[in-house]
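Below is one structure, written out as structure tokens; comments come after it.
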Amino acid sequence: MTAPVFVVEDFAAGAGGRFVLDGPEGRHAVSVKRLRVGESVVLTDGAGRWAEGEVADTEGKDRLVVRLHEVREEPAESPRITVVQALPKGDRGELAVETMTETGVDAIVPWAAARCITQWKGDRGLKALAKWRATAREAGKQSRRVRFPEVADAATTKQVAALLAKADFAAVLHEDRDYGSEPLATAELPTEGEIVLVVGPEGGVSPEELAAFEEAGAKAYRLGRTVLRTSTAGTAATALLLGRTGRWS
């Protein structure tokens, strides 16, 4: 098994090759993972900077002393893949974030679509957004990533259209017999730049939203013959794009 990943705020504390991992991450390493002297770990800031190390000692129940190697920088992936995710019901939003993160998405934009049953308002919206971000962080660690996906603030349809307008490839997942769509599996994709994919709610993307996105340069695409739930469509599409662009090569 590959070395477990722990998040640090600043590598400057590791001067001289000795880093003390404390707080919640240290507690998880010592009391939950029960790491022992000599075991390997990876420390990362979640933004691409990371370093391998070995456990040198443990102190109490929440301090792990790591013998740290060289700090490295993992370059950002290209093409960058952003998924605009309509707000699902219940905890399916966290499920979508978790699986997209494990698959390899680079950014996630929560979207309050017209047909979303769930709406993020006030403190409830802030708590939901915090859950999405915490889920991305934990899934990033679980999947051994050192560059976690960015989870943006919730976007309006107008803001999503502006995002699509700047993309090198803009797509809306939409399956409707009365609305022409092309298979995403055969779409011509860029080898670099930005790919933005919109995943609508369970009720589908409204005609007004489709029109706004089409005006911004996005086309409608479908994944296959089956209809996926909004919480799984983004993950399936991300996997397809990662394979087709060579990022999984």
Side-chain angles (χ1 to χ4, degrees), residues 1-77 80-83 85 90-110 120 123-154 231 235 238 247:
M1 181 179 290
T2 54
V5 173
F6 298 95
V7 180
V8 300
E9 299 298 328
D10 188 0
F11 281 101
R18 184 179 183 275
F19 191 98
V20 177
L21 184 69
D22 54 13
E25 291 290 272
R27 186 177 303 108
H28 186 73
V30 176
S31 300
V32 179
K33 302 291 287 187
R34 298 185 180 278
L35 296 177
R36 297 293 180 259
V37 173
E39 292 190 85
S40 298
V41 296
V42 171
L43 304 185
T44 180
D45 62 0
R49 298 189 73 218
W50 66 283
E52 295 177 315
E54 292 90 34
V55 177
D57 197 5
T58 59
E59 300 174 351
K61 297 182 179 180
D62 61 357
R63 287 170 63 87
L64 190 78
V65 182
V66 178
R67 188 179 300 108
L68 206 61
H69 301 322
E70 177 187 3
V71 178
R72 305 175 185 178
E73 179 85 23
E74 180 179 280
E77 296 279 7
R80 175 182 165 91
I81 299 175
T82 296
V83 173
Q85 174 66 58
D91 60 359
R92 286 189 172 274
E94 287 98 276
L95 173 64
V97 172
E98 179 180 50
T99 54
M100 283 193 288
T101 298
E102 292 173 355
T103 305
V105 76
D106 301 296
I108 300 169
V109 179
W120 286 1
D123 289 343
R124 180 182 178 183
L126 294 176
K127 289 179 180 178
L129 178 60
K131 283 185 178 180
W132 280 35
R133 287 173 172 165
T135 299
R137 172 187 168 112
E138 292 307 310
K141 291 165 56 180
Q142 177 66 34
S143 55
R144 308 299 195 261
R145 292 181 61 166
V146 297
R147 186 180 288 276
F148 303 160
E150 302 169 13
V151 179
D153 293 340
S231 54
T235 299
T238 296
R247 283 182 49 176

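Side-chain atoms are counted along with the backbone in the values below, which use heavy atoms only and exclude waters and symmetry mates. Numbering of residues begins at 1 and proceeds along the displayed sequence.
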Within this structure, what is the [atom1]-[atom2] distance for the pair [X] and [Y], rounded to the nearest 0.5 Å?
X      : Y      : atom1 : atom2 : value
Ile81  : Thr238 : CD1   : OG1   : 6.0 Å
Asp57  : Arg18  : CG    : CZ    : 8.0 Å
His28  : Lys33  : NE2   : NZ    : 5.5 Å
Leu129 : Arg124 : CG    : CZ    : 14.0 Å
Gln85  : Met100 : CD    : CE    : 4.5 Å
Thr135 : Phe148 : OG1   : CZ    : 12.5 Å

Can you tell if the side chain of Glu98 reaches within under 4.5 Å of the side chain of Thr101, non-hydrogen atoms only?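 They are not in side-chain contact.
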Close side-chain approach of Leu35 to Phe6, heavy-atom, < 4.5 Å: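 When only atoms from C-beta onward are counted, Phe6 and Leu35 do touch, with a gap below 4.5 Å.
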So, [X] side chain and [Y] main chain: donor-acceptor pair closer than 3.5 Å or not?
X      : Y     : result
Ser31  : Lys61 : yes
Arg147 : Glu74 : yes
Thr44  : Arg49 : yes
Arg67  : Ala56 : no

Looking only at heavy atoms, which two atoms of [X] and [Y] are closest? And how far apart?
X      : Y      : answer
Glu73  : Ala47  : OE2-O, 4.0 Å
Thr235 : Ala96  : OG1-O, 4.1 Å
Arg247 : Gly104 : NH2-O, 3.3 Å
Ala3   : Ser40  : CB-O, 3.6 Å
Phe11  : Trp50  : CZ-CA, 3.8 Å
Leu21  : Val7   : CD1-O, 4.2 Å

side-chain contact (heavy atoms from CB on, under 4.5 Å) between Val42 and Arg144: does it pass, once the steps are laid out? CA-CA 9 Å; Val42 171; Arg144 308 299 195 261; over 6 Å; no
Within a reach of under 6.0 Å around CD of Glu59, are more than 12 heavy atoms found that belong to other residues, nucleotides or ligands?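 Atom CD in Glu59 is packed in, count exceeds 12.
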After noting the C-alpha distance and the side-chain angles of Arg145 and Val5, does the key distance pass the side-chain contact (heavy atoms from CB on, under 4.5 Å) rule? CA-CA 8 Å; Arg145 292 181 61 166; Val5 173; over 6 Å; no
Using the rule given for side-chain contact (heavy atoms from CB on, under 4.5 Å), can you reason through Glu25 versus Val8, listing the C-alpha separation, both sets of side-chain angles and the distance that settles it, and then say yes or no? CA-CA 8 Å; Glu25 291 290 272; Val8 300; over 6 Å; no
